[in-house]
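Everything on this sheet refers to the single structure shown next.
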Amino acid sequence: MDRKLLILIAAVAMLLLAGCAGYQGPDDTGPLETETETPPEPDAEPDEPTDLPAEMPNREVIDGHLREGEAKDEMRYRNETAGDEINFAPKEMNESTLPDNEEERELIMYGRQLMANTSEEMPEHVGNELSCANCHGGGDMSTTTGMVGQDINLIPLVGTTADLPEWTGRRNRMRDTRQRLIGCFQRSMNSPGSEEGAPAYDSREIQAMEAYMQWLSEGVPTKGQPYWSHLNKPEGDEKVPVEEVNPVRGAELYLENCASCHGQDGQGIDDVGPALWGPDSFNDGAGMGRMYTSASFIREAMPYGSPHSVSDWRDVHDIAGFMNGHDRPEFPEKSQDFPSGAPEEGIYYERTQENLGYEMNPMKKKLQLAGIPTGTQELNESHIPEDVDRYDQPLRDAEVENDDE
């Protein structure tokens with residue numbers, strides 16, 4: 001037989017024998033050995049599915065005790081380390097704190113730039129000389145410190161987006177971060193008086209400012225309102241009834257505490273303080289145009305650099321009354337605000353004036369009765385009448401002799 005043929009037959013026989021050795025018939029016992037590994041047993045039972053909350057989550061202020069009683073009076077909530085549950089944590093902007101995505105990183109940095117000097121960066125959308133930094137700290141003015149939104153002695157923005165979207169009674173609707181920003185343009189920045197009005201909802205500028213605010217709020221629990229956020233408005237005996245606020249006495253206090261930064265005419269001083277009334281200030285639909293809101297800001301933040309030095313509630317009410325007894329740009333959509341009823345502190349709203357029994361802004365009326373200018377004229381001590389206490393009264397029926405409107 002051919003040698004090559006013999007070798008081939010032998011090889012086939014070996015293959016057949018190998019196949020038979022690996023076969024197990026129906027009577028065989030024992031496991032079939034394979035190279036496939038048996039999946040390991042899990043270490044523990046999987047967690048039970050988590051139920052969605054059946055009730056509205058708790059949205060109380062975190063460390064809210066700092067905004068009550070003695071702590072409120074001493075303004076402990078304007079302290080970076082006052083909290084037991086959460087502390088105010090400003091951060092630097094660098095490679096470690098910014099996201100890896102280059103486009104998102106650039107958007108955040110652009111948002112910071114816009115908010116630091118808004119009127120110069122976005123003149124087509126700003127109808128006055130204000131910037132976000134004027135209320136929220138930071139920016140280009142020599143009197144401000146740090147980055148926008150991280151000055152706890154003003155109105156910090158750290159944690160703001162954690163509580164958004166939110167309900168607003170000013171229009172009885174929900175609003176998100178971008179809508180809140182646009183509202184600031186429309187009112188505080190007086191965009192109706194600008195070339196192009198408020199920026200569009202999906203504009204790069206609004207997206208950048210939203211991104212920056214989100215970056216500031218990282219780490220704050222969702223729907224958690226930090227103790228440092230918002231202004232602490234007067235309550236109970238702290239609240240002076242609007243008709244009893246004395247803007248004439250407020251004029252005296254303004255000259256003593258405010259004019260050095262904002263000018264005797266209230267039009268601001270370059271690189272020191274912004275305009276408080278007149279064409280370069282916020283319009284009459286802005287939150288700062290409401291009595292108790294502006295009084296709270298004055299008490300908590302002014303004078304800048306020495307906050308809380310004017311802490312008496314009566315004093316800050318009277319200063320706020322003086323500031324908001326002046327002429328300022330009109331917000332054209334003001335009649336649509338507060339559909340459920342204008343608040344008592346809304347002294348620029350006709351509905352409030354009527355409810356209080358006045359035919360005009362009650363603070364402006366008292367100033368005019370005293371002969372104090374309500375435009376952009378310079379205020380002097382000679383304008384202050386001897387009988388300042390007279391203007392503690394409502395004076396609804398008193399007649400104004402000279403209306404300088």
Side-chain angles (χ1 to χ4, degrees), residues 118-119 125-130 132 134-135 155 166-176 178-201 206 230-231 233 241-243 245 247 266 274-298 317 320-368 374-376 396 400 403-405:
T118 320
S119 58
H125 298 295
V126 179
N128 53 30
E129 299 295 326
L130 300 182
C132 301
N134 293 135
C135 287
I155 307 177
E166 66 178 355
W167 176 262
T168 171
R170 187 152 61 182
R171 288 296 175 91
N172 278 2
R173 69 179 186 188
M174 295 296 292
R175 65 177 176 184
D176 58 24
R178 296 190 198 181
Q179 290 169 322
R180 180 167 178 171
L181 284 165
I182 291 172
C184 287
F185 273 95
Q186 292 173 326
R187 299 166 188 272
S188 297
M189 303 295 176
N190 191 35
S191 64
S194 68
E195 182 180 343
E196 297 183 14
Y201 181 86
I206 289 294
H230 304 292
L231 296 169
K233 292 188 179 184
V242 170
E243 60 269 32
V245 171
L276 298 181
W277 59 81
D280 291 331
S281 188
F282 54 88
N283 64 37
D284 61 5
M288 206 61 70
R290 301 201 297 270
M291 179 67 69
Y292 301 130
T293 302
S294 53
S296 301
F297 182 78
I298 293 166
H317 277 82
F322 169 73
M323 180 182 75
N324 285 318
H326 285 77
D327 302 329
R328 59 181 67 259
E330 182 179 359
F331 180 52
E333 298 180 13
K334 196 161 79 270
S335 62
Q336 300 177 34
D337 289 350
F338 301 107
S340 298
E344 181 185 13
E345 63 170 332
I347 53 179
Y348 283 102
Y349 289 82
E350 290 185 4
R351 286 170 291 162
T352 297
Q353 296 165 13
E354 293 173 359
N355 290 339
L356 293 173
Y358 289 87
E359 73 284 359
M360 61 189 298
N361 179 338
M363 299 300 107
K364 180 174 182 176
K365 179 170 184 175
K366 289 186 179 184
L367 291 177
Q368 290 184 344
T374 59
T376 56
R396 294 184 181 89
V400 178
D403 188 347
D404 65 355
E405 186 174 21

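Side chains are part of it too, since the values below use all heavy atoms of this structure and drop only hydrogens, waters and symmetry mates. All values reported here derive from a predicted model rather than from experimental measurement.
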Are any of the side-chain nitrogens in Glu166 or Arg180 under 4.0 Å away from the carboxylate oxygens of its partner?
-> yes

Contact summary for Tyr349 and Ala342, nearest pair of heavy atoms = CB-CB, 4.3 Å

Looking only at atom types and distance, does a side-chain atom of Thr352 sit under 3.5 Å from a main-chain N or O of Ile347, one as donor and one as acceptor?
-> no

Are any side-chain N or O atoms of Asn134 and backbone N or O atoms of Ala275, one a donor and one an acceptor, separated by less than 3.5 Å?
-> no

Leu276 side, atom CG; Thr376 side, atom OG1 - distance, nearest 0.5 Å | 13.0 Å

Scanning both residues in full, the closest heavy-atom pair of Gly169 with Pro339 reads O-CD, 4.1 Å

Heavy-atom closest pair (Asp284 atom, Lys334 atom, distance to 0.1 Å) is OD2-NZ, 3.2 Å

Side-chain heavy-atom pair Val242, Tyr292 within 4.5 angstrom cut-off = yes

So which heavy atom on Ile182 is nearest to which on Ala200, and how close?
-> CD1-C, 4.4 Å

Is there a donor-acceptor pair under 3.5 Å between the side chain of Ser194 and the backbone N or O of Gly197?
-> yes

Distance (rounded to the nearest 0.5 Å) between Tyr358 OH and Met360 CE = 11.0 Å

So do Asp337 and Arg187 actually touch side chain to side chain, heavy atoms under 4.5 Å?
-> yes

Rounded distance (nearest 0.5 Å) linking atom OG1 of Thr118 with atom CD of Glu129 = 11.5 Å

Distance from His230 atom NE2 to Ser296 atom OG, nearest 0.5 Å?
-> 12.5 Å

Would Tyr201 and Asp176 satisfy side-chain hydrogen bond (donor to acceptor under 3.5 Å, both in side chains), going step by step from the backbone distance to the final call?
-> CA-CA 11 Å; Tyr201 181 86; Asp176 58 24; 2.6 Å; yes

N/O donor-acceptor pair under 3.5 Å between Ser294 side chain and Met291 backbone | yes

Is any side-chain heavy atom of Glu330 less than 4.5 Å from a side-chain heavy atom of Pro192?
-> no

Test log, rule side chain to side chain contact (heavy atoms under 4.5 Å, CB included), inputs Gln179 and Ile206 | CA-CA 9 Å; Gln179 290 169 322; Ile206 289 294; over 6 Å; no

Expected output: side-chain Thr168 to main-chain Arg173 donor-acceptor under 3.5 Å = no

Please answer whether the main-chain N or O of Arg396 pairs with a side-chain N or O of Lys365 as donor and acceptor at a distance below 3.5 Å.
-> yes

Given the rule in the side chain to side chain contact (heavy atoms under 4.5 Å, CB included) test, do Met363 and Val245 qualify, once you have shown the distances and angles that lead to the verdict?
-> CA-CA 8 Å; Met363 299 300 107; Val245 171; 3.7 Å; yes

Shortest non-hydrogen separation from Ala295 to Ala320 and the atoms involved | N-CB, 3.7 Å

Under 3.5 Å, side chain of Lys364 to main-chain N/O of Tyr348, donor-acceptor pair present?
-> no

In this structure, CG of Asn361 is separated from OG1 of Thr374 (nearest 0.5 Å) by 9.0 Å

Can the positive tip of Arg328 be found less than 6.0 Å from the middle of the six-membered ring of Phe282, inside 45° of the ring normal?
-> yes

State, to 0.1 Å, how close Ser119 and Asn128 come at their nearest heavy-atom pair, and which atoms those are.
-> CB-O, 3.8 Å

Check: Asn355 side chain, Glu350 main-chain N or O, donor-acceptor pair, under 3.5 Å | no

Side chain to side chain contact (heavy atoms under 4.5 Å, CB included) evaluation trace for His326 with Leu367 | CA-CA 9 Å; His326 285 77; Leu367 291 177; 4.0 Å; yes

Between the main-chain N or O of Gln186 and the side-chain N or O of Asn283, is there a donor-acceptor pair closer than 3.5 Å?
-> yes

CZ (Arg351) and CD (Gln353) are apart, to the nearest 0.5 Å, by 11.0 Å

Test item: Val126 and Phe185 side chains (from C-beta on) under 4.5 Å apart, heavy atoms | yes

What do the steps show when you test Asn172 against Ser340 for side chain to side chain contact (heavy atoms under 4.5 Å, CB included), and what is the final call?
-> CA-CA 8 Å; Asn172 278 2; Ser340 298; 2.8 Å; yes

